[in-house]
Amino acid sequence: MENTLCVLGAGSLGLLYAARVARTGRPVTLLVKPEQAGFLGLGVTLQEGEAALPRRLFMRVISQPTPELQISRLLLATKATQAAAALQRWLPHLTADAEILMLQNGLGSQAEVADLLQPGQTLLAASVTEGAYLKQPGAVVHAGKGKTLLGRWSGPSHQASSGWVSRLTTAGLDAEVVEPIRPVLWHKLAVNAVINPLTAVHRVENGALAGRDFRPQVQALCEELLQVFRRLGIAEPEGGLAARIEQVILSTAANRSSMLQDIEAGRSTEIDYITGTLLKVARPLQLRLPTHEALYQQVRQAEPR
Ligand code: KPL
């Protein structure tokens, strides 16, 4: 059990990483909700590209923690809104020196999880650009190759990041250590704070934001983000923030953003961990972000009550 990689969160990213690691022969354990145990127990199918043949991979599936369960390496891949709550059930089973890698969008869930951990446990956070979706529950399609940038968030182990990179690289995923990781997470938050709420409110694919109609709003959102970056001392990503946002809009043009998918499915969104965090950070700095504020309200209104 010590050597097994545990994965919590059976969405597209959790299953992509789990299946990639399982394919190398390394033991993987999925920590699931009771209602997921039946179908995930039959295996996870991984399809490498839209046209490829799916391959079935079998993993240990646990829905009820047993007293002897020991979790030393955990990949936490739930939505940001569920990360801390989902971890609570498994918390007593983390080893004293456990390493937890979080893949969540936005900022806020990392601090919530860090608050739950013991001093010997190390938390790492990642910014992920892999393109994956679930064709059906338990069937993941790796639609576009991306990258996992990861680094230590809290805890004592300074070697943990390179260990995770070699684990992911062995599984054929492109991964790199970036320390400090917080600026990278802010860059990803900025991209998500522009693309996700705009696509969710207007119900359009990402590519629509490259059109003229959206240009003034994209620009205003970007400028407000830059005010926060300047005050926090966060450097822009290479090439500038506006160019980075534009590049993601174009390279994911056919995507329906995760926030749009949540709204369409009647689920609550990650807005509190994206725009919500931005507004929370801006308040004590006395920065006004009217375009983000308005979009935040629009997304909240579109969410289920
Ligand atoms: O991360 C994304 C998301 O949808 O959450 C982007 C980069 C916007 C791709 O759709």
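Numbers here are sequence positions counted from 1. Quick caveat: nothing in here was measured; it's all calculated off a predicted structure. Atoms within a ligand are numbered from 1 in the order they appear, just like the ligands themselves. Scope of the values below: all heavy atoms of this structure, side chains included, with no hydrogens, waters or symmetry mates.
Using a 4.0 Å cut-off between heavy atoms, K188 contacts ligand 1 through its side chain alone, with no backbone atom that close. Residue contacts with ligand 1 for N196 involve side-chain atoms from C-beta outward but no N, CA, C or O (heavy atoms, distance under 4.0 Å).
Residue, atom and distance of the protein heavy atom nearest to atom 5 (O) of ligand 1 are S258 OG, 2.5 Å. Among all protein heavy atoms, the one lying closest to atom 1 (O) of ligand 1 is N192 ND2, 3.1 Å.
Here E50 does not pair with K135 in a salt bridge; the nearest charged N to carboxylate O distance is not below 4.0 Å. Under the 4.0 Å criterion applied to side-chain N and carboxylate O atoms, E176 and K147 are assigned as salt-bridge partners. A salt bridge does not link K280 to D272: none of the charged nitrogens lies less than 4.0 Å from a carboxylate oxygen. Using a cutoff of 4.0 Å between basic side-chain nitrogens and carboxylate oxygens, R20 and E48 are scored as salt-bridged.
The ligand atoms of ligand 1 that sit less than 4.0 angstrom from a heavy atom of S257 are 4 (O), 10 (O). Interface of N105 with ligand 1, defined as ligand atoms under 4.0 Å from a residue heavy atom, comprises 5 (O). Shown in contact with N255 at under 4.0 Å from a heavy atom are these atoms of ligand 1, numbered in order with element: 9 (C), 10 (O). Taking every non-hydrogen atom of V248 and a distance limit under 4.0 Å, the qualifying atoms of ligand 1 come out as 7 (C).
For E293, there are no salt bridge (Lys or Arg N to Asp or Glu O under 4.0 Å) partners two or more places apart in sequence or in a different chain.
Within the cation-pi definition used here (under 6.0 Å to the ring centroid, within 45° of the axis), R182 qualifies as a partner of W153.
Close N/O approach between T252 and ligand 1 is not found [any backbone or side-chain N/O within under 3.5 Å]. Between R256 and ligand 1, a contact under 3.5 Å exists for no N or O pair.
Between the side chain of R305 and the backbone N or O of Q301, at least one donor-acceptor pair lies under 3.5 Å.
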I'd like to know whether N192 forms a side chain to side chain contact (heavy atoms under 4.5 Å, CB included) with V194, so could you lay out the CA-CA distance, the side-chain angles of the two residues, the decisive distance to 0.1 Å, and finally the verdict.
CA-CA 5 Å; N192 288 129; V194 175; over 6 Å; no

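In the candidate list T129, V191, N206, I274, N206 is nearest to atom 10 (O) of ligand 1, counting heavy atoms.
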